[in-house]
Amino acid sequence: MVRPMYKITKRTQLSQNEYDFLIEAPRIATKAQPGQFIILRINDSGERIPLTIAESSATKGTIRLVFQVIGKTTAELAQLNVGEFILDLTGPLGMPTEIKDYGTVLIVGGGVGIAAIFPIVKGLKNAGNRVITILGAKTAELVILAKECQEYSDELIITTDDGSLGMKGLVTEAMEQVIAREPINYSWAIGPSIMMKFCTETASNYDLPINVSLNPIMIDGTGMCGGCRVTIDGNIKFACVDGPEFKGTQVNWDEFISRMKQYTDEEDACLADYQKAQVIHNG
Ligand SMILES: Cc1cc2nc3c(=O)[nH]c(=O)nc-3n(C[C@H](O)[C@H](O)[C@H](O)COP(=O)(O)OP(=O)(O)OC[C@H]3O[C@@H](n4cnc5c(N)ncnc54)[C@H](O)[C@@H]3O)c2cc1C
Ligand code: FES
């Protein structure tokens with residue numbers, strides 16, 4: 001049996017550690033909806049990692065993946081060039097975001113989480129919403145996809161921790177200002193766990209409903225193993241099939257954040273081995 005391979009057709013480095021890939025995957029591109037993700041395996045010895053579908057084009061048969069290098073697999077992926085292939089790509093996975101006309105929506109993206117909010121911004125704008133988008137990052141260099149988000153937003157606010165672009169401060173401060181200024185009907189926050197936890201607190205202070213997208217460690221991504229289990233409103237849910245989007249107020253944040261750290265030692269060792277092998281290989 002000939003296995004399909006997934007060709008990289010465009011590769012852009014967005015910042016020191018962030019990459020933007022366009023990949024030929026016509027079957028996934030036809031079905032992908034905002035909020036969904038894929039699981040990929042680079043080669044036969046690789047592990048499976050989840051990445052959000054940042055954009056898809058059914059006509060071109062391509063999907064866009066934007067990722068940050070944080071460990072071995074993402075470091076290996078970043079080494080691939082245009083014309084090279086990814087062995088396995090499964091998707092689209094997960095429940096899509098509920099796209100409809102809510103009225104005015106506030107969408108917050110932090111760091112590489114901006115890649116995951118972009119399809120939601122686009123979907124909600126096309127569904128007739130007034131869209132206010134907040135993008136937050138540590139420094140100006142890490143504010144990704146600002147042009148794309150701008151195109152589909154009625155208002156775009158940028159915050160950076162060091163003030164190198166836009167407002168100096170955290171996304172929650174920008175959220176407070178918008179919520180105090182005008183009525184908002186629904187909100188989303190996607191980014192580091194701690195950011196989503198605090199965005200949830202901010203939104204709840206104003207009784208504003210908020211959805212977050214959880215990124216627990218995943219293995220199969222199809223509901224078979226429970227590796228991605230999270231506690232939602234006191235019940236066990238599998239983020240890969242029941243999510244990844246959930247109501248922020250229902251997430252058990254402390255449990256979620258502590259479970260994310262469970263393989264840190266193995267992940268650090270794996271990255272160190274890979275970097276050592278790269279040094280030997282490159283002389
Ligand atoms: C549904 C979903 C969608 C995602 N979408 C994106 C995306 O669009 N772009 C992107 O850059 N990343 C995304 N992620 C995170 C991505 O899967 C991880 O960064 C990746 O698995 C890390 O693999 P690694 O081998 O490079 O690092 P590892 O060696 O596995 O991990 C290195 C470090 O990252 C932490 N880590 C491990 N897994 C995750 C995780 N799932 N999320 C956050 N931190 C993690 C570890 O605690 C460790 O400290 C998504 C995760 C999920 C569950
Ligand atoms: S990753 Fe196995 S059940 Fe979700």
Side-chain angles (χ1 to χ4, degrees), residues 13-23 32-43 45-56 63-80 89-97 109-120 137 142 144-145 190-197 211-230 232 236-246 251 256-275 278:
Q13 184 162 2
L14 299 178
S15 69
Q16 197 192 347
N17 277 325
E18 288 168 315
Y19 295 82
D20 184 349
F21 278 19
L22 216 55
I23 295 169
Q33 293 179 60
Q36 292 189 301
F37 63 96
I38 53 92
I39 291 228
L40 67 79
R41 199 165 61 116
I42 299 175
N43 49 42
S45 59
E47 67 169 350
R48 297 160 61 85
I49 65 154
L51 293 176
T52 304
I53 303 167
E55 202 171 12
S56 60
I63 61 165
R64 184 176 182 184
L65 304 176
V66 176
F67 63 95
Q68 185 179 15
V69 172
I70 59 159
K72 191 223 170 196
T73 304
T74 44
E76 212 176 350
L77 189 60
Q79 294 294 318
L80 297 183
L89 210 52
T90 310
L93 301 169
M95 298 288 286
T97 301
V112 78
I114 296 171
I117 63 147
F118 172 55
I120 300 176
L142 301 174
I144 56 170
L145 311 188
I190 308 182
S193 321
I194 199 74
M195 181 205 101
M196 294 192 285
K197 180 183 169 182
N211 281 13
V212 297
S213 181
L214 297 184
N215 53 350
I217 287 166
M218 290 187 180
I219 302 128
D220 60 301
T222 56
M224 311 272 285
C225 70
C228 65
R229 68 188 176 277
V230 287
I232 305 295
I236 300 284
K237 298 278 176 192
F238 291 177
C240 69
V241 285
D242 301 316
E245 214 171 280
F246 295 101
V251 176
F256 176 66
I257 291 167
S258 87
R259 268 180 59 79
M260 289 289 287
K261 295 182 189 141
Q262 65 188 326
Y263 296 111
T264 309
D265 291 347
E266 290 85 347
E267 286 157 351
D268 289 350
C270 202
L271 180 62
D273 282 352
Y274 173 71
Q275 286 168 337
Q278 288 290 101

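Numbering of ligands and ligand atoms starts at 1, following listing order.
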Checklist entry - Taking the minimum heavy-atom distance to atom 26 (O) of ligand 1, which of Thr52, Thr74, Ile70 ranks first? => result Thr74

Checklist entry - What are the atoms of ligand 1, with element, lying closer than 4.0 Å to any heavy atom of Ile49? => result 21 (O), 23 (O)

Checklist entry - How far apart are the C-alpha atoms of Phe256 and Asn215, what are their side-chain angles, what is the distance that settles it, and do they pass the side-chain contact (heavy atoms from CB on, under 4.5 Å) test? => result CA-CA 9 Å; Phe256 176 66; Asn215 53 350; 3.5 Å; yes

Next on the checklist: Show the nearest heavy-atom pair for residues Ala78 and Tyr19, with the distance to one decimal.
Outcome noted: CB-CE1, 3.5 Å

Checklist entry - Would one find an N or O of Val66, backbone or side chain, under 3.5 Å from an N or O of ligand 1? => result yes

Next on the checklist: Quick one, Thr97 with Asn211, criterion side-chain contact (heavy atoms from CB on, under 4.5 Å). Give me CA distance, side-chain angles, the key distance, then yes/no.
Outcome noted: CA-CA 9 Å; Thr97 301; Asn211 281 13; 5.8 Å; no

Checklist entry - Parallel, tilted or perpendicular for Phe21 and Phe67, by the 30°/60° rule? => result perpendicular

Checklist entry - Counting only heavy atoms, which portion of Val112 has something under 4.0 Å from ligand 1: side chain, backbone, both, or neither? => result side chain

Checklist entry - How about atom 4 (Fe) of ligand 2, which protein N, O or S atoms come within less than 2.8 Å? => result Cys228 SG, Cys240 SG

Next on the checklist: I'd like to check Pro50 versus Leu93 (side-chain heavy atoms, cut-off strictly below 4.5 Å). Are they in contact?
Outcome noted: no

Next on the checklist: Which of the numbered atoms in ligand 1 are under 4.0 angstrom from any heavy atom belonging to Leu51?
Outcome noted: 4 (C), 5 (N), 6 (C), 7 (C), 9 (N), 10 (C), 12 (N), 13 (C)

Checklist entry - Hey, is Glu18 touching ligand 1 through its side chain, its backbone, both or neither, going by heavy atoms under 4.0 Å? => result neither

Checklist entry - Would you say ligand 1 has an N or O under 3.5 Å from any N or O of Pro50? => result yes

Next on the checklist: If you measure every N or O of Phe67 against every N or O of ligand 1, does any of those distances drop under 3.5 Å?
Outcome noted: no

Checklist entry - If you measure from each heavy atom of Pro216 to ligand 1, is any distance below 4.0 Å? => result yes

Checklist entry - What atoms of ligand 1 come closer than 4.0 angstrom to any heavy atom of Met218? => result 1 (C), 53 (C)

Item to check | Min side-chain heavy-atom separation Leu145-Arg64 under 4.5 Å | outcome: yes

Taking only distance into account, with no hydrogens and no angle test, what donor-acceptor pairs under 3.5 Å do side-chain atoms of residues 217-224 form with protein atoms, sequence neighbours excluded?
{"unit_1": "Asp220", "atom_1": "OD2", "unit_2": "Thr222", "atom_2": "N", "d": "2.9"}
{"unit_1": "Asp220", "atom_1": "OD2", "unit_2": "Thr222", "atom_2": "OG1", "d": "2.8"}
{"unit_1": "Asp220", "atom_1": "OD2", "unit_2": "Gly223", "atom_2": "N", "d": "3.1"}
{"unit_1": "Asp220", "atom_1": "OD2", "unit_2": "Met224", "atom_2": "N", "d": "2.8"}

Checklist entry - For atom CD of Gln16, is the number of surrounding heavy atoms from other residues, nucleotides or ligands below 6.0 Å larger than 12? => result no

Checklist entry - Near Phe37, which atoms of ligand 1 are under 4.0 Å from a heavy atom of that residue? => result 1 (C)

Checklist entry - Going through the distances and angles, do Met196 and Val251 end up as a side-chain contact (heavy atoms from CB on, under 4.5 Å)? => result CA-CA 10 Å; Met196 294 192 285; Val251 176; over 6 Å; no

Next on the checklist: Show, in sequence, the C-alpha distance, side-chain angles and deciding distance for Ile190 and Thr52, and conclude whether the side-chain contact (heavy atoms from CB on, under 4.5 Å) test is met.
Outcome noted: CA-CA 11 Å; Ile190 308 182; Thr52 304; over 6 Å; no

Next on the checklist: Are Ile144 and Asp20 packed together at the side-chain level, in the sense that at least one heavy-atom pair is separated by less than 4.5 angstrom?
Outcome noted: no

Checklist entry - Which ligand 1 atoms, with their elements, are less than 4.0 angstrom from a heavy-atom of Ile217? => result 38 (N)

Checklist entry - Taking side chain as C-beta onward, heavy atoms only, is Leu214 less than 4.5 Å from Ile232? => result yes

